[in-house]
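Reminder, nothing fancy here: chain letters follow the sequence lines and each chain counts from 1.
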There are 2 protein chains.
Amino acid sequence: MFSVEQLQAFVTTVETGSFSAAARQLGKAQSVVSQHIINLEIDCNTPLFERTGRYPTLTAEGKTLLPQSIALLQQHQRFTNSALGLHQPIPDDITIALDEGIPLKTIAKAITNLETKYPNLSLEFLSASSLDIIDMLKNERAITGIIFSELDIPSYLDYECLGAIKFDLYIAKSHPLANQVCKNIDNLRLHRQLLLRSRTTQTSSFQFKISPDIWYSDNYFVLLELAIQGYGWCLLPSHVAFDEVNKGSLIKLPIEFKEMGWMANIDVLQHQKHSSLEVFRDLRTSLRNLL
Amino acid sequence: MFSVEQLQAFVTTVETGSFSAAARQLGKAQSVVSQHIINLEIDCNTPLFERTGRYPTLTAEGKTLLPQSIALLQQHQRFTNSALGLHQPIPDDITIALDEGIPLKTIAKAITNLETKYPNLSLEFLSASSLDIIDMLKNERAITGIIFSELDIPSYLDYECLGAIKFDLYIAKSHPLANQVCKNIDNLRLHRQLLLRSRTTQTSSFQFKISPDIWYSDNYFVLLELAIQGYGWCLLPSHVAFDEVNKGSLIKLPIEFKEMGWMANIDVLQHQKHSSLEVFRDLRTSLRNLL
DNA sequence: CTAAACATATCGTTTTTCCAGATACTATCT
DNA sequence: AGATAGTATCTGGAAAAACGATATGTTTAG
């Protein structure tokens, strides 16, 4: 029966590159890590590392078992976090961090459902980029985050999908593209694109670069303003553009290549410590019912 | 740091109802289980059981942590099975067990892709009910199973969804229902339904009882025959009814209440021991591409 | 080519943990 | 009240974990 410590030694060794480094990181003696790996190899009845060179390298079997080990350790961490959360006091003020592209109005509706059950609850809303939100959850500046699905979410955060919202192409009325129906994506390449990019220069997975000529901003409303002033075309959540379309300063570009029906998934994020608290389960349920 | 043994003691206690019974099942002394639970409670900083009565009962905290523990143990089992599978020889004959309602023709097509990569592979196909298939996977009579998604699959089996197939209503031409368009489900209630039920009397989750008058069979082709002879209406996979519809002995009943667009998901099942073998990964990929 | 720097495996010793059995105590049923 | 089944605690002995020291191997740089 292999133990959690063995798996930890295994995974840390892969991460750090050597038994010694793993031992340093885990705060144990080098011989301990060495023994753990050897025992794990005995249990699995197969070598996990190739020990020819100076640094151990994974064998094929090791590569197969690595993801399993990581999954097991993550589950372990999850258990620890749940146990930690058991005696957390029920919060009476909750901070929700929202990605800037997410419609606050819709979210706010979900809250009214909560009010009847938790009358003393006080709420705070923060707007930020997805990466900043993950940071806020880490250092507990916020307790719940709502973001567009990003690929790498830290393992101590639980997430669930709430649904999807639609993105459309918007453009100023005066823009040359506004008078034609866009038959294919190549039309778009001929004009400047306005694109979202967070402060850390990491573009979101669903923000495609289409045109070779791109201006960036880290904020949807800046993009909106640039589009209004005719600096280019832009992919925006419909609720962001709604008012300006009504005013007539912006128009939605009809597209014929519908295979890119730009939809973005929205996730709700929560530290595992807080995931099982009833307030948050209720909050997530209301959110899911809305979208 | 809590150990796998502690969690095993915890979960087994919940399953068996007492520390003593858990100890018997795990083949340990009673004091060992008792200590494991106590240590786990110390680690989690909360009591997991109420010890007033004769038998321990879960506290609220225990109820929260139970599913986490089960998940961790299942992941542990999964790891063990993967490790076991590492030195399994690459099989040169593969037995695939199919649910009777699943189109063999389609499945067979997937195999031709494999033949080029594994020319020496010999295949065997068995037809059985979903429950029997799970049994065959357990005692290794079959190595891969393809069934309609059932709710409870044993934890040592890996499963993935391949897709869905459509079910339609079929009926003999001479049957009174055949001359009318079915406006709502109540029409169906007035006539006998022919329904699939496995030998163990457990109906599948997607086999709805609609009519109060039902005849059962454990085999789609018996149902088909009964329907042909006019004994009632029947929900069948379209490929089962196809030939008889062409011959004119059976007709597809048009329905207007489309909200029950009877679709059944199809899963491929595999013992975790074999999941990571390349042949099976390839097999599953081909299957998924077909549906 | 050699020495320095860094890694790993193994050994002996100490410390800790684990396990089983004995025992005392408690709840439940008859 | 007694029989039965269950739990917590204590014990000694066995097992295992951790550590530090050491021998040995690999890589890099002079």
Starting at atom [atom1] of [X], determine the distance to atom [atom2] of [N], rounded to an integer number of angstrom.
| X | N | atom1 | atom2 | result |
| --- | --- | --- | --- | --- |
| B/L26 | C/dA20 | CG | P | 11 Å |
| B/R54 | C/dA27 | CZ | C1' | 7 Å |
| A/F10 | C/dT8 | CZ | P | 14 Å |
| A/R24 | D/dC19 | CZ | P | 15 Å |
| A/R51 | D/dT24 | CZ | P | 19 Å |
| B/Y55 | C/dT26 | OH | P | 19 Å |
| A/Q8 | D/dA18 | CD | C1' | 15 Å |
| B/Q30 | C/dT23 | CD | P | 15 Å |

Are the side chains of [X] and [Y] in touch, meaning some heavy atoms are under 4.5 Å apart?
| X | Y | value |
| --- | --- | --- |
| A/R281 | A/S276 | yes |
| B/Q75 | A/Q68 | yes |
| A/D282 | A/E278 | yes |

If you check every side-chain atom of [X], which of [options] has the closest atom?
| X | options | answer |
| --- | --- | --- |
| A/F19 | D/dT7, D/dA18, C/dT8 | C/dT8 |
| A/K28 | C/dA7, D/dA18, C/dT8 | D/dA18 |
| A/P56 | D/dG6, D/dT7, C/dT8 | C/dT8 |

### Query
Using 30° and 60° as the class limits, which term best fits the ring planes of B/F2 and A/F79: parallel, tilted or perpendicular?
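Ring orientation, 0 to 90° scale: tilted.
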Among A/T285, A/I94, A/D158, find the one that has a side-chain contact (heavy atoms from CB on, under 4.5 Å) with A/F280.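 Passing option: A/I94.
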- Message: Classify A/S20 by what it touches in the nucleic acid, base, sugar-phosphate, or nothing, heavy-atom distance under 4.0 Å.
- Response: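 Touches a base.
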Point to revise | For DNA chain C, the residues among residues 31-45 of chain B that have a non-hydrogen atom under 4.0 Å from it | key: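 Under 4.0 Å from DNA chain C: B/S31, B/V32, B/H36.
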